[in-house]
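Right, one structure below, let's go through it.
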Amino acid sequence: NSANNQGGGIAAIDTTLTIVGGSISENLSLGAGAGLLLSNAGGGGPCRIEGVLFDSNEADQDGGGVFIERASVEVLHNSFDNNSSNDDGGGLYLLNAAASTDVHNNLFLNNGADEGSAVLVFGNAPTVRSNTMVGGVATGWEPAAVRAGLSVFRHNLVAFEAGWGVDNGSPAGPIEYNDVFGSGVQNWHTNATGLNGNLSVDPLFVGYSNLPSPPWDFTLSVGSPLQDAGDPTETDLDGSVIQIGAFGGPDGDWVPPQAP
(Lines give C-alpha, C1' and ligand atoms only; values in the text may rest on other atoms or scores of the structure.)
Protein backbone atom coordinates (compact mmCIF):
# COMPACT_ATOMS: atom_id res chain seq x y z
CA ASN A 1 0.00 0.00 0.00
CA SER A 2 1.06 3.59 -0.47
CA ALA A 3 -0.16 7.03 0.55
CA ASN A 4 0.53 10.40 -1.02
CA ASN A 5 0.12 12.01 2.39
CA GLN A 6 0.27 10.04 5.68
CA GLY A 7 -0.38 6.51 6.88
CA GLY A 8 0.60 4.15 4.09
CA GLY A 9 -0.81 1.05 5.77
CA ILE A 10 -3.27 2.42 8.36
CA ALA A 11 -4.18 5.98 9.32
CA ALA A 12 -6.30 6.35 12.48
CA ILE A 13 -7.22 9.93 13.39
CA ASP A 14 -9.55 11.15 16.16
CA THR A 15 -10.44 7.63 17.25
CA THR A 16 -9.52 4.85 19.65
CA LEU A 17 -7.65 1.97 18.06
CA THR A 18 -6.68 -1.54 19.16
CA ILE A 19 -4.52 -3.77 16.99
CA VAL A 20 -3.52 -7.23 18.25
CA GLY A 21 -1.40 -9.51 16.10
CA GLY A 22 -0.75 -9.55 12.39
CA SER A 23 1.76 -7.90 10.10
CA ILE A 24 1.90 -4.35 8.71
CA SER A 25 4.61 -4.57 6.10
CA GLU A 26 6.00 -3.07 2.90
CA ASN A 27 3.94 0.11 2.95
CA LEU A 28 5.05 3.46 1.55
CA SER A 29 4.13 6.99 2.59
CA LEU A 30 5.17 10.32 1.13
CA GLY A 31 4.25 11.79 4.52
CA ALA A 32 4.61 10.34 8.01
CA GLY A 33 3.79 6.90 9.37
CA ALA A 34 4.31 4.48 6.51
CA GLY A 35 3.10 1.46 8.48
CA LEU A 36 0.70 3.14 10.93
CA LEU A 37 -0.22 6.73 11.69
CA LEU A 38 -2.10 7.37 14.93
CA SER A 39 -3.12 10.98 15.62
CA ASN A 40 -5.33 12.66 18.23
CA ALA A 41 -6.27 9.19 19.43
CA GLY A 42 -7.20 7.61 22.73
CA GLY A 43 -9.84 10.08 23.89
CA GLY A 44 -12.22 7.20 24.48
CA GLY A 45 -9.56 5.21 26.34
CA PRO A 46 -5.94 4.29 25.67
CA CYS A 47 -5.13 2.75 22.30
CA ARG A 48 -3.24 -0.55 22.19
CA ILE A 49 -0.80 -1.96 19.65
CA GLU A 50 0.27 -5.48 20.59
CA GLY A 51 1.99 -8.39 18.90
CA VAL A 52 2.36 -6.77 15.47
CA LEU A 53 5.22 -7.19 13.01
CA PHE A 54 6.09 -3.84 11.41
CA ASP A 55 8.44 -4.81 8.61
CA SER A 56 10.02 -2.93 5.68
CA ASN A 57 7.80 0.14 5.78
CA GLU A 58 9.26 3.33 4.29
CA ALA A 59 8.23 6.93 5.00
CA ASP A 60 9.48 9.99 3.19
CA GLN A 61 8.92 11.95 6.41
CA ASP A 62 8.88 10.85 10.08
CA GLY A 63 8.00 7.42 11.43
CA GLY A 64 8.91 4.65 9.02
CA GLY A 65 7.15 1.96 11.02
CA VAL A 66 4.77 3.93 13.27
CA PHE A 67 4.07 7.62 13.83
CA ILE A 68 2.13 8.52 17.00
CA GLU A 69 0.99 12.11 17.55
CA ARG A 70 -1.00 13.49 20.49
CA ALA A 71 -2.27 10.07 21.52
CA SER A 72 -2.41 7.79 24.55
CA VAL A 73 -1.11 4.37 23.52
CA GLU A 74 0.30 1.17 24.98
CA VAL A 75 2.81 -0.35 22.55
CA LEU A 76 4.02 -3.82 23.57
CA HIS A 77 5.29 -7.13 22.21
CA ASN A 78 5.83 -5.79 18.69
CA SER A 79 8.73 -6.26 16.28
CA PHE A 80 9.92 -3.25 14.29
CA ASP A 81 12.16 -4.70 11.58
CA ASN A 82 13.82 -3.03 8.58
CA ASN A 83 11.68 0.11 8.61
CA SER A 84 13.08 3.38 7.33
CA SER A 85 12.41 7.10 7.33
CA ASN A 86 14.01 9.68 5.09
CA ASP A 87 13.64 12.00 8.08
CA ASP A 88 13.47 10.84 11.74
CA GLY A 89 12.15 7.86 13.69
CA GLY A 90 12.84 4.83 11.52
CA GLY A 91 10.96 2.40 13.73
CA LEU A 92 8.78 4.66 15.89
CA TYR A 93 8.25 8.41 16.17
CA LEU A 94 6.44 9.81 19.22
CA LEU A 95 5.34 13.42 18.74
CA ASN A 96 3.74 15.03 21.80
CA ALA A 97 2.47 11.61 22.87
CA ALA A 98 0.47 11.63 26.08
CA ALA A 99 2.40 11.05 29.29
CA SER A 100 0.32 7.88 29.70
CA THR A 101 1.85 6.41 26.53
CA ASP A 102 3.89 3.32 27.43
CA VAL A 103 6.25 1.70 24.93
CA HIS A 104 7.57 -1.51 26.47
CA ASN A 105 8.83 -4.99 25.71
CA ASN A 106 9.36 -4.47 21.97
CA LEU A 107 12.15 -5.47 19.58
CA PHE A 108 13.62 -2.94 17.13
CA LEU A 109 15.92 -4.50 14.53
CA ASN A 110 17.80 -2.94 11.60
CA ASN A 111 15.74 0.23 11.24
CA GLY A 112 17.08 3.39 9.57
CA ALA A 113 16.58 7.17 9.68
CA ASP A 114 18.44 10.46 9.84
CA GLU A 115 18.02 10.48 13.62
CA GLY A 116 16.34 7.96 15.87
CA SER A 117 16.76 4.90 13.68
CA ALA A 118 14.82 2.91 16.30
CA VAL A 119 12.85 5.51 18.32
CA LEU A 120 12.58 9.29 18.39
CA VAL A 121 10.66 11.13 21.12
CA PHE A 122 9.76 14.80 20.68
CA GLY A 123 7.71 16.72 23.25
CA ASN A 124 5.93 15.51 26.39
CA ALA A 125 7.18 12.65 28.54
CA PRO A 126 5.97 9.18 27.53
CA THR A 127 7.54 6.04 29.00
CA VAL A 128 9.97 3.95 26.93
CA ARG A 129 11.06 0.90 28.94
CA SER A 130 12.28 -2.66 28.57
CA ASN A 131 12.91 -2.61 24.84
CA THR A 132 15.76 -4.12 22.81
CA MET A 133 17.13 -2.12 19.87
CA VAL A 134 19.78 -3.64 17.63
CA GLY A 135 21.57 -2.99 14.37
CA GLY A 136 20.03 0.28 13.17
CA VAL A 137 21.60 2.91 10.95
CA ALA A 138 21.18 6.66 11.56
CA THR A 139 22.88 9.00 9.10
CA GLY A 140 21.90 12.55 10.09
CA TRP A 141 23.55 15.39 11.99
CA GLU A 142 23.06 13.57 15.30
CA PRO A 143 22.93 9.95 14.10
CA ALA A 144 21.51 8.18 17.14
CA ALA A 145 19.48 4.99 17.39
CA VAL A 146 17.37 6.68 20.06
CA ARG A 147 16.57 10.29 20.72
CA ALA A 148 15.16 9.96 24.20
CA GLY A 149 13.82 13.51 24.60
CA LEU A 150 11.85 13.99 27.80
CA SER A 151 10.76 10.35 27.97
CA VAL A 152 11.11 8.15 31.02
CA PHE A 153 13.78 5.89 29.51
CA ARG A 154 14.49 2.78 31.62
CA HIS A 155 15.68 -0.81 31.26
CA ASN A 156 16.32 -0.49 27.51
CA LEU A 157 19.06 -2.35 25.64
CA VAL A 158 20.61 -0.50 22.67
CA ALA A 159 23.35 -2.49 20.94
CA PHE A 160 25.45 -2.62 17.79
CA GLU A 161 23.99 0.50 16.22
CA ALA A 162 25.96 2.09 13.37
CA GLY A 163 26.06 5.68 14.69
CA TRP A 164 25.39 6.86 18.23
CA GLY A 165 23.50 4.72 20.68
CA VAL A 166 21.37 7.21 22.65
CA ASP A 167 21.01 10.95 22.17
CA ASN A 168 20.39 12.01 25.76
CA GLY A 169 21.30 15.66 25.29
CA SER A 170 19.55 18.43 27.21
CA PRO A 171 16.68 18.59 27.92
CA ALA A 172 16.36 14.97 28.96
CA GLY A 173 14.01 12.97 31.15
CA PRO A 174 14.98 10.22 33.61
CA ILE A 175 17.46 7.81 31.99
CA GLU A 176 18.06 4.81 34.25
CA TYR A 177 19.22 1.19 34.14
CA ASN A 178 19.88 1.03 30.39
CA ASP A 179 22.65 -0.77 28.54
CA VAL A 180 24.13 0.96 25.46
CA PHE A 181 26.93 -1.02 23.82
CA GLY A 182 28.86 -1.46 20.60
CA SER A 183 27.79 1.73 18.81
CA GLY A 184 29.76 2.58 15.69
CA VAL A 185 30.54 6.17 16.73
CA GLN A 186 29.75 6.58 20.44
CA ASN A 187 27.33 5.02 22.90
CA TRP A 188 25.91 8.22 24.42
CA HIS A 189 25.57 11.85 23.39
CA THR A 190 26.39 12.71 27.02
CA ASN A 191 28.13 9.80 28.68
CA ALA A 192 25.79 8.18 31.20
CA THR A 193 27.72 4.97 31.81
CA GLY A 194 28.00 4.36 35.54
CA LEU A 195 25.26 6.87 36.39
CA ASN A 196 21.77 5.90 37.59
CA GLY A 197 22.36 2.23 36.85
CA ASN A 198 23.32 2.74 33.19
CA LEU A 199 25.82 0.32 31.66
CA SER A 200 27.89 -0.13 28.51
CA VAL A 201 28.58 -3.88 28.39
CA ASP A 202 28.16 -6.66 25.86
CA PRO A 203 24.63 -8.04 26.44
CA LEU A 204 25.68 -11.57 25.43
CA PHE A 205 22.59 -12.45 23.43
CA VAL A 206 21.81 -16.13 23.05
CA GLY A 207 22.21 -15.89 19.27
CA TYR A 208 23.34 -12.78 17.39
CA SER A 209 27.06 -11.97 17.20
CA ASN A 210 27.83 -15.67 16.76
CA LEU A 211 25.34 -16.13 13.90
CA PRO A 212 25.87 -14.69 10.38
CA SER A 213 22.16 -14.46 9.49
CA PRO A 214 18.68 -14.72 11.04
CA PRO A 215 16.81 -16.14 12.78
CA TRP A 216 18.50 -14.45 15.72
CA ASP A 217 17.71 -14.86 19.41
CA PHE A 218 17.85 -11.64 21.44
CA THR A 219 17.13 -13.20 24.80
CA LEU A 220 19.99 -12.92 27.28
CA SER A 221 22.35 -15.81 27.88
CA VAL A 222 22.62 -17.22 31.40
CA GLY A 223 25.93 -15.42 31.90
CA SER A 224 24.81 -12.05 30.58
CA PRO A 225 25.78 -9.09 32.80
CA LEU A 226 22.29 -7.69 32.16
CA GLN A 227 20.61 -10.44 34.14
CA ASP A 228 19.39 -8.93 37.44
CA ALA A 229 20.96 -5.58 36.43
CA GLY A 230 17.87 -3.38 36.58
CA ASP A 231 16.16 -1.44 39.33
CA PRO A 232 16.39 -3.68 42.43
CA THR A 233 12.85 -2.72 43.40
CA GLU A 234 11.45 -4.31 40.22
CA THR A 235 11.32 -8.01 39.36
CA ASP A 236 11.09 -10.47 36.50
CA LEU A 237 8.38 -13.12 36.46
CA ASP A 238 10.59 -15.53 38.42
CA GLY A 239 10.96 -13.02 41.26
CA SER A 240 14.56 -12.11 40.50
CA VAL A 241 15.69 -8.51 39.95
CA ILE A 242 14.50 -7.24 36.59
CA GLN A 243 16.85 -7.78 33.65
CA ILE A 244 17.60 -5.09 31.06
CA GLY A 245 16.01 -5.43 27.64
CA ALA A 246 12.80 -6.57 25.96
CA PHE A 247 12.40 -9.75 27.98
CA GLY A 248 12.47 -8.21 31.43
CA GLY A 249 9.69 -7.36 33.85
CA PRO A 250 6.16 -8.71 34.25
CA ASP A 251 5.57 -8.65 30.46
CA GLY A 252 8.92 -10.23 29.59
CA ASP A 253 7.65 -13.69 28.61
CA TRP A 254 6.92 -13.27 24.90
CA VAL A 255 8.10 -14.30 21.44
CA PRO A 256 8.72 -11.52 18.87
CA PRO A 257 6.40 -11.82 15.86
CA GLN A 258 8.16 -12.86 12.67
CA ALA A 259 7.28 -13.02 9.01
CA PRO A 260 5.67 -16.35 8.04
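All of these numbers come straight from a predicted model, not from anything done at the bench.
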Residues D231 and R154 bridged, charged N to O under 4.0 Å:
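R154 and D231: salt-bridged.
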
Got more than 12 heavy atoms from elsewhere within 6.0 Å of CD, E26?
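Incorrect, the count does not exceed 12.
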
Flag if over 12 foreign heavy atoms under 6.0 Å of CG, D253
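Result for CG/D253: open.
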
Euclidean distance, [Y] [atom2] relative to [X] [atom1], rounded to 0.5 Å:
{"X": "Y177", "Y": "N156", "atom1": "OH", "atom2": "CG", "result": "14.0 Å"}
{"X": "R48", "Y": "T16", "atom1": "CZ", "atom2": "OG1", "result": "14.0 Å"}
{"X": "N178", "Y": "S200", "atom1": "CG", "atom2": "OG", "result": "10.0 Å"}
{"X": "N198", "Y": "W188", "atom1": "CG", "atom2": "CH2", "result": "4.0 Å"}
{"X": "N96", "Y": "N124", "atom1": "CG", "atom2": "CG", "result": "5.0 Å"}
{"X": "W216", "Y": "Q258", "atom1": "CH2", "atom2": "CD", "result": "11.0 Å"}

[X] vs [Y] side-chain heavy atoms within contact, under 4.5 Å:
{"X": "I24", "Y": "V52", "result": "yes"}
{"X": "T235", "Y": "I242", "result": "no"}
{"X": "E142", "Y": "R147", "result": "no"}
{"X": "N187", "Y": "T193", "result": "no"}

Cluster overlap [X] with [Y], hydrophobic side-chain contacts below 4.5 Å:
{"X": "F67", "Y": "V146", "value": "no"}
{"X": "I10", "Y": "V66", "value": "yes"}
{"X": "V103", "Y": "L37", "value": "no"}
{"X": "V152", "Y": "V121", "value": "no"}
{"X": "F181", "Y": "V134", "value": "yes"}

Look at the aromatic rings of F160 and Y208 and report parallel, tilted or perpendicular, splitting at 30° and 60°.
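Rings of F160 and Y208: tilted, 30 to 60°.
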
Look at the aromatic rings of F205 and F218 and report parallel, tilted or perpendicular, splitting at 30° and 60°.
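F205 and F218: perpendicular rings.
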
Considering only residues two or more places apart or on different chains, which pairs with a residue in residues 97-112 satisfy side-chain hydrogen bond (donor to acceptor under 3.5 Å, both in side chains)?
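Only S72-S100, E74-H104, N78-N106, N83-N111, D102-R129, N106-N131 qualify under side-chain hydrogen bond (donor to acceptor under 3.5 Å, both in side chains).
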
With D55 via salt bridge (charged side-chain N to carboxylate O under 4.0 Å, His left out) - residues at least two apart:
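Applying salt bridge (charged side-chain N to carboxylate O under 4.0 Å, His left out) to D55 gives none.
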
L94 and side chain to side chain contact (heavy atoms under 4.5 Å, CB included): which single residue from V75, V73, I68, L120 fits?
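Testing L94 for a side chain to side chain contact (heavy atoms under 4.5 Å, CB included) against V75, V73, I68, L120 leaves exactly one candidate, I68.
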
